[in-house]
Protein chains: 2
Amino acid sequence: MKPSIFVVEDDPDISRLVRHHLEGAGFTVKLFPTGNAVMPESERQRPTLFILDIMVPGKDGLELCRQIRQTSSLASIPVIFLTAKSGEADRILGLELGADDYIPKPFSPRELVARVKAVLRRFERPLSQSPLRIGEIEIDPAAMTLTVRGQSVTTTATEFRLLDYFARHLGRVFTRDQLLDSVWRDTAYVTPRSVDVYVRRIREKIEPDPENPRYLKTVRGAGYRFEAAK
Amino acid sequence: MKPSIFVVEDDPDISRLVRHHLEGAGFTVKLFPTGNAVMPESERQRPTLFILDIMVPGKDGLELCRQIRQTSSLASIPVIFLTAKSGEADRILGLELGADDYIPKPFSPRELVARVKAVLRRFERPLSQSPLRIGEIEIDPAAMTLTVRGQSVTTTATEFRLLDYFARHLGRVFTRDQLLDSVWRDTAYVTPRSVDVYVRRIREKIEPDPENPRYLKTVRGAGYRFEAAK
DNA sequence: TCGTTTTGTAACCTGATTGAAACAATTGGG
DNA sequence: CCCAATTGTTTCAATCAGGTTACAAAACGA
C-alpha cells in the first residue's frame, strides 16, 4: 500500500512540483491550497505524512501542526514544514511542537524526496523480522530466504510477502481483497483473481503435491487459509 | 542496547523537541531541566553521550562539561553543546575543554540527529576494527586492506566501507536506502541507484565471476545480500 | 596549481516479474 | 445429475528492476 502524503501549499507552481516528484517516487499525494479542509479530511483518511507550508491562507501551517498534534488520532503522524526564510525556522524549531523536519525553499526535488523518505523510515514500524518455522517450511524475512524441506527455494518479492503474511497469521481465512490490501504495495488496480495466481505459484514452491495442498488451503466462497500441515 | 543520552536544557519546548527526535531515532533520552542533578545521576548510569545547553540554571553547561572531564569514569563520554550564538562555538571547541561538537540554535531535527550519530560513530570505533575473514576474502578495517584469494586488492574508501558493512551483516538483505543511511557518510542526497554502481565495482574486485556473484547477491525487489559462498 | 582518482548520475539495455485474460476444472446446490 | 458459481491453470504482453557503461563533477595529491 502506497504511503499517502497531504500537502498544504497555496502556490500552484510549488504544489505541482511537489506532487510531481512525490508521485514519481511512489507516493500518493493530496493537495490542499488552503489549510481549511485539511483537518476533516485527515480524520477520514489518515495520511502517512504531512507537508505544510508555513504561510498559507486559511489556517496556516503552524496552526495546523498544533491541531494535528492535539488530535489524538493524528498526533503520531510526521510533519514536514516548507519554509521560505530560514529565519522562520527559529519559531518552528524553538517554540513549536513536533515538526519532524523542515525543507527550506527553494529545494531540489531530490532533496524533497530524500527527506520525506528519511522521515518515513524513522517512523516505519519495523515489521516482523524474526525468522519463522512452520513444519518443514522456514521463512527468514531479514534474509528474504525460504527453505522447504531443507532445500533453499527462490521466490519473487511478492510471493515472499504473501507467504510471510499467511505464515504469520496461521489458520485465519483471508479474502482476496483483504490480501490485496495488506500484502500488495499498490492495491489500486489489481484484480482479486491475481491472488489465485500467486497462490498457485506459492503452492508450487512449498507443497509436496501442489494439487493437494497441505499448507495453503482454499476456503471455497471465502478465500485462502494457511495452516500448519498435519 | 540503545545508546542513552542525557540532555541538560531548561527550555521545555526545546527539550521536548530534542527528546522526541532522539527517541524517534532510536535513542533513550533522559532530560535534566537544571544542571544540578546531572553529575550524581551520570555516575550511577553512565550515559553514552551528553547534550548540554550552555546557559542553564544551576550549574551551566560549561561548568558541567568541566566536571565531566575531570571525573575519570565520565571523562571519555562525548559531549555536544547547544549554543545560541555562533560566536560561542570557537571558545567551546577551541579553548574550552573537550566538547566534541556543538549545535547552534535554531537547529533542524535532521541536523540534531545527524550530529549525534556522527559523534557516536567517531567514538564507537572498536566495533568495526577487527579484521574479518569470509571464505577467500579478508577485510582489515584498521589497515583498510582487502585480500581476495591471497591477492591484495585496492579499493576506494566508499567501496571498502560498503563491503565491510555487508561482510559484517552476513545474510541480511539491505535495501538501497538502508545502505545509503548506514554506509554513506554525511547525509548527502545520493540516488539509491548509485548503490548498484558500487555493488558492481565491489563484485569486480571480489567475485571470481562478476556476472555470477557468489558473495554479493542481488535480491530482486528488495536489495542486496552478502553471503558466505558455498 | 594541475593532473589524477574517486564519486555519483544518467542513459540505455536486458531479462524477470507482474497481473490480466482466456479457458479448464471443480464444487455444491437444487 | 445439471448448472452456475467459484477456483485452477496457463499464457503472454507490458512494465519494472537491475546491470552496465560512459561521463561530469568533486575531491584529492603532488
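Chain identifiers are assigned alphabetically (A, B, ...) following the order of the sequence lines, protein sequences preceding nucleic acid strands; residue numbering begins at 1 within each chain.
In this structure, A/Phe174 has its ring center closer than 6.0 angstrom to the ring center of A/His169.
The separation between A/Leu179 atom CG and C/dG19 atom C1' is 15 Å, rounded to whole Å. For the pair B/Arg193 CZ and D/dA22 C1', the interatomic distance rounds to 15 Å; values are reported in whole Å. Regarding A/Arg161, its CZ atom lies at a distance of 12 Å from the C1' atom of C/dT17, rounded to whole Å. If you measure from atom CZ of B/Arg200 to atom C1' of D/dA17, you get 17 Å, rounded to the nearest angstrom. Taking atom OH of residue A/Tyr198 and atom C1' of nucleotide C/dT17, one finds them 6 Å apart after rounding to whole Å. Rounded to whole Å, atom C1' of C/dG19 lies 15 Å from atom CZ of A/Arg176. Atom-to-atom, CZ of A/Arg201 to P of C/dT17 comes out at 10 Å; the value is rounded to the nearest Å. The interatomic distance linking B/Leu162 (CG) with C/dG8 (C1') rounds to 14 Å, in whole Å.
No donor-acceptor pair closer than 3.5 Å links the side chain of B/Arg115 to the backbone N or O of B/Asp101. One N or O on the side chain of A/Glu207 and one on the backbone of A/Arg214 form a donor-acceptor pair closer than 3.5 Å. For the pair B/Lys205 (side chain) and B/Thr154 (backbone), a donor-acceptor distance under 3.5 Å is present.
Salt bridge status for A/Asp164 with A/Arg168: present, with a side-chain N to carboxylate O gap under 4.0 Å. Using a 4.0 Å cut-off between charged nitrogen and carboxylate oxygen, A/Glu41 and A/Arg44 count as a salt-bridge pair.
In this structure, of C/dT18, D/dT21, D/dT9, it is D/dT9 that holds the atom nearest to the side chain of A/Asp196. Closest approach to the A/Val190 side chain among C/dG15, D/dT7, C/dG19 is made by C/dG19 (side chain taken as heavy atoms from C-beta onward). In the set C/dT17, C/dG8, D/dG8, C/dT17 carries the atom at the smallest distance from any side-chain atom of B/Arg220. Distances from the side chain of A/Thr156 to the nucleotides C/dA10, C/dG19, C/dT17 place C/dT17 closest. Comparing C/dT7, C/dG19, D/dT7 against the side chain of A/Thr158 picks out C/dG19 as the nearest.
When all heavy atoms of A/Val119 and A/Ile80 are compared, the closest pair comes out as CG2-CD1, 3.9 Å.
Nearer the 5' end of DNA chain D, as judged by each residue's closest nucleotide, is the contact made by A/Thr218, out of B/Arg203 and A/Thr218. For the pair B/Ser194 and A/Trp184, both in contact range of DNA chain C, the more 5′-proximal nearest nucleotide belongs to B/Ser194. Along DNA chain C, the nucleotide nearest A/Tyr189 and the nucleotide nearest B/Glu159 are compared for position; the residue whose nucleotide lies closer to the 5' end is B/Glu159.
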Output a table of donor-acceptor pairs, distance under 3.5 Å, between side-chain atoms of residues 22-33 of chain A and any protein atom two or more places apart or on a different chain; print 'none' if there are none.
unit_1: A/Glu23; atom_1: OE2; unit_2: A/Arg19; atom_2: NE; d: 3.4

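Remark: B/Thr191 is not in phosphate contact with C/dG8, judged by side-chain N or O atoms under 4.0 Å from OP1 or OP2.
Across all strands, B/Tyr224 comes closer than 4.0 Å only to sugar-phosphate atoms, never to a base (heavy-atom distances). Heavy atoms of A/Val219 sit under 4.0 angstrom from primed sugar atoms or phosphate atoms, though from no base atom.
Taking every heavy atom of residues 204-212 of chain B and every atom of DNA chain D, pairs under 4.0 Å involve B/Glu211, by number.
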